[in-house]
Amino acid sequence: MSLLSDLPRDEEKRSLHFIEQIIEEDNLSNKHQGRVHTRFPPEPNGYLHIGHAKSICLNFGVAEKYGGKCNLRFDDTNPEKEEEEYVQSIMEDVRWLGFQWDNEPYYASDYFQQLYEWAVLLIKKGVAYVDDQPQEMISQQRGTPTRPGIESPFRTRSIEENLHLFEAMKRGEFPNGSRVLRAKIDMSSPNMHMRDPVMYRILHAEHHRTGNIWKIYPMYDFAHGQSDYIEGITHSLCTLEFEVHRPLYDWFLDQIIETEYRPRQIEFARLNLSYTVMSKRKLLELVQKGIVKGWDDPRMPTIAGLRRRGYTPASIRNFSDRIGVAKRDNVIDVGLLEFVLREDLNKTTNRVMAVLNPVRLVITNYPEGQTEWVELENNPEDTESGSRHVPFGRELYIEKDDFMIDPPKKYFRLAPDREVRLKGAYVVKAVRYELDDKGELSTIYGVYDPETKSGSGTKQPKVKGTLHWVDASSAVDAEVRLYDRLFMDEDPAGHKDRDALDFLNPDSLVILKNCKVEPSLAQAQIGDTFQFQRIGYFCVDTESQKDALVFNRTVPLRDNWAKLNK
RNA sequence: UGCCCGAUGGUGUAAUUGGCAACACGUCUGACUCUGGAUCAGAAAAGUCCAGGUUCGAACCCUGGUCGGGCAACCA
């Protein structure tokens, strides 16, 4: 009978977060005739980040769950900060995450005329007035949280004068900052936002959509609720810092609404991620100071950065799902983000062989000049993925870390007189090694057992370790960029006396130029993702070229050996 | 020292709205493994910010504190 019983079984069992509870109560009481309409309202003044992703998943997710709609609305009421470039990137990011907004994108700027008319209405009702005072004066008169404000001398202006002045403001007859339109509410309200808030300011600036038509622009508070109202939004979800704005949101709506319908603002806690910063201001600073290479630098928590890093839309949606929605401040361990990423990539990406820090391994009893093609599974987690053939020869590259002259106990890899399995090929034993003039390991010499070929069916010796390798004669060179967290502090922006930039991780990017990858990777396209066997997940960077491959490390594999040695 | 909001294992989120505090990540064992990955089995870890009260029974209701966050842009 109820909507509840229409939900799929597993959804039904899962407990509802507080916003879903509100929606279901509204549906039960038929508040909006069962209608659910949300919106994601970014200001186009920067790139979207993982925190926005939470909001996107929430707004679109809730709409989808209850058979409703979700609008994309650009909150573009401040022409001085907003740009078309950001509009484009935001649309791209939302689509990439896998969401489809209802209709065309909406813009608060589409409502400028309507908003203006409502402002005139408020003046006529005697609840808005033009203030001629300079900004500093108005700010002074506002008082403090603990001391009431005082009323502006222009507060009692006649309606006619207000109308004329506001008209003149609109016509552009006054310079920036010379006058504002204010709501006449209560200068002694304990809520600072109710102390005659500014509704309109004069801005002789070019707007990215309306050009130079408007000389006055509405403030957020005078635009947002009305925009929601115009679009028929039922549940207007925003972050906690807008909680104190809610009385004002409702007050403006009270002035203009004649219908029973009205949107409701509901606040939830924004996402905080450990070891990173999330404010647009800080992110912009990282870009402008050249600490990262741009908004889409793979170390950035922006959607664009995560995408370039190799994150999948599904992993971000799962993440958003697992972190939940509540009202208490939170700091999510970045490890959770990495967990959902690996969870997704493990199931979906093909395994390939790549040696990041190569050292030569010569198999002395393998025929010189011979190459054989060994078969390797593409993805043991996905039976559909098939297999491929990879060349194997007398000279190979293996990982420097996979050989130790004097290994500790529990080291399962290659060492003098020790045997390991070369993945998909043979068991080899190291017999001797050479050092270069700097004392660095240069070549390992070993012997293989022809009887031990993978898949040959003969009974195999037990070896402790399996190594990845690349055939030296056919290996392809590649550059690999190892990314790590940008900050070494768990909460870089959370220190009163220190700047987040004090905690930068000097090793957040390590570039490896001499990597050897299996020949099939020569065909890899930008954006392709792989698991480099035993190392981690990697993707082809946007800067990669046909004969100058560049891979980004998306996230390393879990590594118990590394943990043991910590 | 005004107003608003919040407080549950290390982290995050639950608790059928007053009925044995659960799930996930992380941590630690062990099994398995031609990825020290994955998978599987198990363990430790909170007695719900504090103090009172109501109740047969309180994480949940009441009172008073404590701590944390937000609010004084012509930003959103």
Side-chain angles (χ1 to χ4, degrees), chain A residues 13-17 21 41-43 45 75-78 80-82 108 131 134-135 138-140 142-149 176-182 189-195 197-203 216-217 219-221 223-224 238-247 267 269 274 280 322-340 342-343 346-347 351 353 376-377 380-381 410-413 420-425 427 452 454-455 460 463-468 531-537 556-564:
Chain A
K13 271 193 265 176
R14 178 128 158 251
S15 59
L16 305 172
H17 58 67
Q21 284 176 25
E43 182 188 13
N45 70 340
D75 218 334
D76 55 352
T77 56
N78 185 357
E80 291 183 326
K81 289 186 179 168
E82 295 146 8
D131 197 332
Q135 189 169 166
I138 291 177
S139 160
Q140 246 178 55
R142 189 154 11 237
T144 70
T146 52
R147 219 183 35 251
N176 285 2
S178 58
R179 284 179 172 80
V180 290
L181 182 70
R182 292 226 258 167
S189 169
N191 183 340
M192 299 290 295
H193 297 277
M194 300 299 272
R195 323 243 262 227
V198 173
M199 295 165 60
Y200 269 91
R201 75 281 216 192
I202 298 169
L203 242 35
I216 53 172
Y217 290 90
M219 300 290 292
Y220 166 85
D221 288 304
H224 206 93
C238 64
T239 45
L240 250 26
E241 66 268 30
F242 291 100
E243 208 153 22
V244 284
H245 292 245
R246 184 162 14 102
E267 310 84 12
S274 62
K280 278 189 192 175
R322 293 193 192 214
I323 59 177
V325 180
K327 294 194 73 159
R328 77 182 80 122
D329 294 322
N330 61 83
V331 182
I332 309 284
D333 187 345
V334 67
L336 181 62
L337 218 209
E338 295 181 343
F339 168 80
V340 294
R342 290 193 187 99
E343 182 183 47
N346 175 48
K347 289 180 301 196
R351 276 61 172 165
M353 301 279 227
L376 286 166
E377 255 182 316
E381 303 292 322
K410 294 242 185 146
Y411 185 82
F412 300 154
R413 310 176 189 179
V420 294
R421 158 79 56 188
L422 293 177
K423 176 88 185 168
V427 171
T452 58
S454 294
Q460 301 291 330
V463 290
K464 281 260 191 57
T466 301
L467 307 188
H468 62 280
Q531 186 198 95
F532 286 1
Q533 197 91 215
R534 297 210 307 137
I535 303 175
Y537 297 98
L557 246 31
R558 285 185 57 196
D559 188 350
N560 279 316
W561 170 243
K563 201 158 40 176
L564 251 175

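Each chain gets a letter, A, B and so on, in the order its sequence line appears, and its residues count up from 1.
Distance from the side chain of A:K423 is smallest for B:C34 among the nucleotides B:C25, B:G2, B:C34.
B:G65 and B:G2 have their P atoms separated by 10 Å, with the value rounded to a whole Å. Here, B:U63 and B:G12 have their P atoms 28 Å apart, quoted to the whole Å. Taking atom C1' on both B:G53 and B:U11, the two are 34 Å apart, rounded to the nearest angstrom. Comparing B:C50 with B:A14, their C1' atoms are spaced 24 Å from each other, to the whole Å. B:A46 and B:A22 are spaced 12 Å apart, taking the C1' atom of each and rounding to whole Å. Taking atom C1' in both B:G57 and B:G42, one finds a spacing of 34 Å when rounded to whole Å. Comparing the P positions of B:U55 and B:G70 gives a spacing of 40 Å, expressed to the nearest Å. With P as the reference atom, B:G52 and B:A15 are 28 Å apart, rounded to whole Å.
Regarding the sugar-base torsion, B:G53 falls in the anti class, its angle being beyond 90° of 0. Taking syn as a glycosidic angle within 90° of 0, B:A73 qualifies as syn. Classification of B:U17 as syn follows from a glycosidic angle within 90° of 0.
At a threshold of 4.0 angstrom between heavy atoms, the contacts of A:G424 include nucleobase atoms, whether or not backbone atoms are also involved. No contact: A:G465 has no heavy atom under 4.0 Å from any strand. Residue A:R147 is classed as having no contact, given no heavy-atom separation below 4.0 Å to the nucleic acid. Across all strands, A:K347 comes closer than 4.0 Å to no nucleic acid atom at all (heavy-atom distances).
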Going through the distances and angles, do A:R201 and A:M219 end up as a side-chain contact (heavy atoms from CB on, under 4.5 Å)?
CA-CA 7 Å; A:R201 75 281 216 192; A:M219 300 290 292; 3.6 Å; yes
Salt bridge (Lys or Arg N to Asp or Glu O under 4.0 Å) between A:E267 and A:R246, worked out:
CA-CA 9 Å; A:E267 310 84 12; A:R246 184 162 14 102; 2.6 Å; yes
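Between A:E243 and A:R534, it is A:E243 whose nearest contact on RNA chain B lies nearer the 5' terminus. Both A:Q533 and A:G335 lie close to RNA chain B; mapped to their nearest nucleotides by heavy-atom distance, the more 5′-ward contact belongs to A:G335.
With sequence neighbours left out, A:S139 forms a side-chain hydrogen bond (donor to acceptor under 3.5 Å, both in side chains) with no residue at all. Among residues two or more places apart in sequence or in another chain, the salt bridge (charged side-chain N to carboxylate O under 4.0 Å, His left out) test is passed with A:R421 by none.
Put simply, the side chain of A:Q21 gets close to the backbone of A:L16: a donor and an acceptor are under 3.5 Å apart. A donor-acceptor pair is defined here as one N or O able to donate and one able to accept, closer than 3.5 Å; no such pair exists between the side chain of A:T239 and the backbone of A:A269. A donor-acceptor pair under 3.5 Å links the side-chain atoms of A:R534 to the main chain of A:T466, judged by distance alone. Checked by atom type and distance alone, the side chain of A:R142 never pairs as donor or acceptor with a backbone atom of A:P197 at under 3.5 Å. Counting only distance, with no hydrogens or angles, the side chain of A:T452 and the backbone of A:V427 share a donor-acceptor pair below 3.5 Å. Using a distance-only test at 3.5 Å, with no hydrogens or angles considered, no donor-acceptor pair links the side chain of A:R558 to the main chain of A:F339.
Between the CD1 atom of A:I535 and the P atom of B:G36 there is a distance of 11 Å, given to the nearest Å. Distance CG (A:L376) to P (B:C34): 15 Å, rounded to an integer number of Å. Straight-line distance from the CD atom of A:E338 to the P atom of B:C25: 15 Å, rounded to whole Å.
The CZ atom of A:R413 sits 8.0 Å away from atom CG of A:L467, with the distance rounded to the nearest 0.5 Å. The structure places CZ of A:R182 at 4.5 Å from CD1 of A:I138, a figure rounded to the nearest 0.5 Å. We find the CZ-CD distance between A:R342 and A:Q531 to be 11.0 Å, quoted to the nearest 0.5 Å.
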Just the table, please: protein N/O against nucleotides 37-41 of chain B N/O, every pair under 3.5 Å.
unit_1: B:G37; atom_1: OP1; unit_2: A:N560; atom_2: ND2; d: 2.3
unit_1: B:G37; atom_1: N2; unit_2: A:R351; atom_2: NH2; d: 3.4
unit_1: B:G37; atom_1: N2; unit_2: A:E381; atom_2: OE2; d: 2.9
unit_1: B:A38; atom_1: OP1; unit_2: A:R558; atom_2: NH1; d: 3.3
unit_1: B:A38; atom_1: O2'; unit_2: A:N346; atom_2: ND2; d: 3.2
unit_1: B:A38; atom_1: O2'; unit_2: A:E381; atom_2: OE1; d: 3.2
unit_1: B:A38; atom_1: O2'; unit_2: A:E381; atom_2: OE2; d: 3.2

Protein and nucleotides 72-76 of chain B: nitrogen or oxygen contacts under 3.5 angstrom:
unit_1: B:C74; atom_1: OP1; unit_2: A:R142; atom_2: NH2; d: 3.4
unit_1: B:C74; atom_1: OP2; unit_2: A:R142; atom_2: NH2; d: 3.0
unit_1: B:C74; atom_1: N3; unit_2: A:G177; atom_2: O; d: 3.4
unit_1: B:C74; atom_1: N4; unit_2: A:Q133; atom_2: O; d: 3.3
unit_1: B:C74; atom_1: N4; unit_2: A:Q135; atom_2: N; d: 3.2
unit_1: B:C74; atom_1: N4; unit_2: A:G177; atom_2: O; d: 3.0
unit_1: B:C75; atom_1: OP2; unit_2: A:R201; atom_2: NE; d: 2.9
unit_1: B:C75; atom_1: OP2; unit_2: A:R201; atom_2: NH2; d: 2.7
unit_1: B:C75; atom_1: O3'; unit_2: A:R201; atom_2: NH2; d: 3.3
unit_1: B:C75; atom_1: O2'; unit_2: A:N78; atom_2: ND2; d: 3.1
unit_1: B:A76; atom_1: OP1; unit_2: A:T77; atom_2: OG1; d: 2.5
unit_1: B:A76; atom_1: OP1; unit_2: A:R201; atom_2: NH1; d: 3.4
unit_1: B:A76; atom_1: OP1; unit_2: A:R201; atom_2: NH2; d: 3.1
unit_1: B:A76; atom_1: OP2; unit_2: A:Y220; atom_2: N; d: 2.8
unit_1: B:A76; atom_1: O4'; unit_2: A:E43; atom_2: OE1; d: 3.4
unit_1: B:A76; atom_1: O3'; unit_2: A:D75; atom_2: OD2; d: 3.2
unit_1: B:A76; atom_1: N6; unit_2: A:H245; atom_2: NE2; d: 3.1

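Counting heavy atoms from C-beta outward, A:N78 and A:L203 have side chains that approach closer than 4.5 Å. Counting heavy atoms from C-beta on, the side chains of A:V244 and A:M192 never come closer than 4.5 Å.
Taking all atoms of both residues into account, the shortest heavy-atom contact from A:V340 to A:L337 is CG2-O, 3.0 Å.
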Map every base of RNA chain B to its dot-bracket character, where paired means a Watson-Crick or G-U wobble contact with both distances under 3.5 Å and | marks a partner outside the strand.
.((((((..((((.....[..)))).(((((.......))))).....(((((..]....))))))))))).....
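For the pair A:K464 and B:C34, the criterion of a side-chain N or O lying under 4.0 Å from OP1 or OP2 is not met.
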Footprint string (nucleotides 11-18 of chain B, 5' to 3'): B base within contact, S backbone only, - free, heavy atoms under 4.0 Å
SSBS--B-
